[in-house]
Number of protein chains: 2
Amino acid sequence: MDFNSFLTSLGTSFLICVVLMFLFTWLARKPGNEVVYYPNRILRGLDPSEGGRRTRNAFAWIKDAFSATEAGVVEAAGVDAAVYLVFLSSVLGILVLSGIVLLPVLIPVAGTDHNVNAHAENSNGTFNNLDKISMGNVQEESPRLWAFLLGTYWVSFVTFYVLWKAYKHVSNLRAVARSSPEVKPEEFTVLVRDVPRAPPDQTIKDHVDSYFRALHPETFYRSMVVTDNKEVNKIWEEIEGYKKKLARAEVVYAESKTTSNPNGTRPTNRTGFLGLIGPKVDTVDYCSEKIKELLPKLEAEQKLTLREKQQAAALVFFNKRPAAVLASQTIHAQMLDTWTVMEAPEPEQLLWTNLPKKLYEREVRQSIVYGVVFLTVVFYMIPISFISAITTLENLRKLLPFLKVIVDREAIKTVLEAYLPQLALIIFLALLPTFLMFLSKAEGIPSEGHAVRAASGKYFYFVIFNVFLGVTVGGALFASLKIIIDRPGQIVQMLGTSLPGNATFFLTFVALKYCSHLPHLLGCC
Amino acid sequence: MDFNSFLTSLGTSFLICVVLMFLFTWLARKPGNEVVYYPNRILRGLDPSEGGRRTRNAFAWIKDAFSATEAGVVEAAGVDAAVYLVFLSSVLGILVLSGIVLLPVLIPVAGTDHNVNAHAENSNGTFNNLDKISMGNVQEESPRLWAFLLGTYWVSFVTFYVLWKAYKHVSNLRAVARSSPEVKPEEFTVLVRDVPRAPPDQTIKDHVDSYFRALHPETFYRSMVVTDNKEVNKIWEEIEGYKKKLARAEVVYAESKTTSNPNGTRPTNRTGFLGLIGPKVDTVDYCSEKIKELLPKLEAEQKLTLREKQQAAALVFFNKRPAAVLASQTIHAQMLDTWTVMEAPEPEQLLWTNLPKKLYEREVRQSIVYGVVFLTVVFYMIPISFISAITTLENLRKLLPFLKVIVDREAIKTVLEAYLPQLALIIFLALLPTFLMFLSKAEGIPSEGHAVRAASGKYFYFVIFNVFLGVTVGGALFASLKIIIDRPGQIVQMLGTSLPGNATFFLTFVALKYCSHLPHLLGCC
């Protein structure tokens with residue numbers, strides 16, 4: 001990519017950004033769109049149009065975001081959001097602290113050397129002006145290279161320092177959240193999986209109760225066994241659907257009562273497929289009747305489910321926070337594959353269908369998913385390249401002749417020719433996170449948040465393999481092979497440069513892993 | 001090694017064995033040696049010569065060992081010994097169950113083929129009769145190879161089955177030991193390391209007490225802080241030395257009181273270096289005086305140590321077994337490097353000097369030790385080969401001319417020439433476990449048993465690398481490379497053969513790891 005094309009691309013992106021921002025401002029100012037743009041404010045009982053027009057422009061949120069305190073963020077969006085902001089500020093900190101020292105030092109060091117000029121004559125102009133302030137402009141075996149070597153150590157030092165601060169900060173955030181007087185249900189709860197077969201005269205619930213009451217006689221409160229709610233949910237959703245329809249029909253009926261028509265027109269609908277066929281009925285009466293009919297059925301099914309459809313997983317509640325923490329981190333059974341306990345996720349995070357999956361099933365699923373992820377990471381670029389190659393304008397015209405009318409126009413042709421090959425890349429990369437999330441859930445992970453972390457991890461390996469390994473290491477490998485053949489003395493220098501970089505990279509990964517998921521701490525209860 | 005030399009070696013070993021056994025029988029029958037040969041019986045108050053001469057022969061213990069029940073083994077030598085016996089019987093079980101099926105099937109399958117005979121003519125007699133009943137006698141691409149393929153799957157199946165039984169068995173053994181009414185001190189104890197700096201007005205003991213009393217208000221009993229006992233130990237050992245001397249002197253004095261000399265001769269010794277120089281004193285008086293002198297010094301030093309020399313580690317005792325188990329498996333502090341808890345080892349197993357080592361020091365030590373182990377595993381054979389090469393008889397005669405007199409005798413020469421090159425190997429391999437144990441203790445591991453496990457792990461890698469990788473894989477690799485070049489179709493067959501073998505190997509390792517160190521189980525308390 002040459003410099004002009006880079007600027008053009010930058011300009012296009014900026015233009016799209018400005019257009020979208022104006023669209024946002026325009027739409028957000030329409031009072032009817034308040035429920036779309038300010039749902040959080042409405043839910044918290046604030047006036048969505050507070051502050052008048054000023055809060056409705058596309059830049060107001062930036063001021064809000066900068067003036068927000070960390071305590072405010074924790075209160076509004078939880079610890080996770082605050083931790084995410086700590087990550088972002090850590091990355092910014094590493095960038096700024098490195099740049100403050102390195103830019104004023106290294107740019108003059110490189111800029112005042114003459115390697116590029118010396119080579120420019122016999123290289124057919126493959127160098128540009130940006131290269132003159134890069135390491136490439138330093139002459140071979142020049143003492144100036146020490147500045148760059150020290151530079152990598154400075155970046156490492158900055159990274160370690162910032163990460164250490166971030167770790168402590170996140171740790172404190174979590175400790176404050178844990179020790180807050182505002183109790184949360186998951187702090188009293190332990191998730192139990194792989195409940196073994198109950199004795200013949202007991203239900204699974206009795207089994208769980210007796211087991212945990214025996215092991216935690218003073219702190220066990222009660223248990224809730226996971227049930228297979230498929231049937232109940234179906235009926236419940238049906239009832240909810242009729243309730244919505246009823247509410248809407250009542251509003252329509254009320255609004256139809258104008259002065260000219262004081263009785264209004266009762267709304268009607270057909271009972272068949274999509275309301276298109278079948279006998280016509282009065283909607284209000286029909287829905288009320290249906291709800292009345294379904295409610296006892298729901299209750300009967302609920303009772304049946306609680307009694308008959310208990311699954312081999314349960315949530316066990318304790319009467320003290322420390323007791324739940326102690327229990328969630330302790331092995332409860334002699335055999336590895338029974339009574340697996342773990343800290344309970346937040347109630348809304350539970351992936352209920354994954355809870356009753358058995359240990360061996362989870363292990364097998366995990367192995368299969370890891371295999372699929374490996375194939376995805378390594379071979380994902382192949383179909384993209386293939387599709388990119390065949391979806392050129394020329395090929396499309398040949399394969400889909402009816403497109404000729406559009407494609408032959410000059411303006412459309414220019415734009416399409418520029419963006420078509422990238423389209424496959426953009427679409428496939430957009431689909432990737434969804435696919436990885438699907439895979440993570442298929443592993444049998446018990447909570448939404450954990451599945452998100454697992455998907456992020458998979459995405460991380462994807463990025464590492466395709467960007468870091470493919471581009472950076474691939475290039476460096478060829479370069480180093482060339483150096484090994486040409487001049488073995490430089491390998492030591494190269495190792496000195498790459499060592500702190502790789503260590504930084506590795507430690508960043510480890511630190512993020514630690515920060516993002518620490519187990520419950522007894523010391524903070 | 002040809003077959004005759006193999007038989008000779010076997011014969012030599014058998015002869016040595018028989019000689020040693022007769023030596024054992026002869027020595028064990030002397031009444032004065034009872035304390036050496038039957039210490040356990042004497043300690044348990046049994047008569048060492050019980051059963052007369054029959055129990056004193058070299059084979060009686062075999063009958064005893066076979067008639068011992070598992071409960072008896074657990075009682076006499078603990079769960080660990082019983083687990084070890086389970087390992088041995090598992091290995092025997094795998095061998096026997098595999099052999100019962102495979103030997104009668106595979107030997108005839110191989111023995112009735114003619115591959116060796118077909119090749120014997122143009123191979124200068126590199127085959128012998130043993131080769132005729134091995135897989136090498138099966139002709140290439142013969143359907144008989146399927147029998148060997150199925151054989152490997154049979155071995156795998158047997159291994160999985162036996163290991164699964166052994167796992168359950170060991171698990172039950174542990175559960176029984178844990179739930180026995182006979183309580184052990186370590187079951188109520190948690191080992192706490194990385195105690196952070198105490199507030200200025202508190203000792204470390206107060207700090208530990210207040211921290212654990214706050215977290216476990218109902219179950220905390222008391223704590224014992226690790227102290228630096230170096231000075232106290234020195235004084236105590238001095239006192240013990242004098243006590244032993246005193247006891248011996250008193251016995252000598254009593255025995256010297258014969259009828260001819262009713263007053264006896266009071267034993268004397270010199271006070272200087274090794275009792276060789278210095279003034280001569282009466283031993284009984286001198287030792288009693290010294291003990292009297294040292295006792296108050298010991299008491300003063302003990303008090304000082306308890307108060308001043310507290311280290312950053314402690315044993316915390318609970319008033320219930322489940323409380324200790326729960327506490328030992330739970331994270332106790334916000335920062336990773338403070339208040340590290342773990343289950344307490346048996347009191348006599350504690351490596352006291354390792355307890356106060358800080359987390360970072362342990363990590364650094366571990367890294368260094370792992371580096372040293374890597375070098376040891378990979379390069380241990382090099383000095384052995386080197387020394388073996390130079391310690392041939394010829395070289396020794398050149399280097400140490402005074403040996404000529406011995407070495408030139410024909411009989412000695414024969415023996416030395418046969419065993420000298422192996423001597424270096426034997427000596428170095430005998431030193432290896434001691435060296436690995438030293439390295440494991442240097443890691444900062446808190447208990448003797450854990451250090452033994454760590455040393456065994458290191459030894460395992462040594463065996464894997466030097467035997468398995470060096471011999472088996474090295475050979476197979478060359479063979480497979482040859483096959484890849486010659487006939488790619490056979491690779492699938494090779495993979496089919498090696499897959500279950502490698503899986504078995506890996507699973508055996510995992511199973512041993514699991515069996516040998518399971519954490520405490522709450523369900524068995």
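Hydrogens, waters and symmetry mates play no part in the numbers below; they use all other heavy atoms, side chains included. All chains are named by letter (A, B, ...) in the order of the sequence lines, taking the proteins before the strands, and each is independently numbered beginning at 1.
- Rounding to the nearest 0.5 Å places CD of Glu218(B) at 9.0 Å from OG1 of Thr219(A).
- Going from atom CD of Gln334(A) over to atom CZ of Arg174(B) covers 9.5 Å, rounded to the nearest 0.5 Å.
- Counting all heavy atoms, side chain and backbone alike, Thr330(A) lies closest to Val325(B) at CG2-CG1, 4.0 Å.
- Minimum heavy-atom separation, Ile331(B) to Gln329(A): N-OE1, 2.9 Å.
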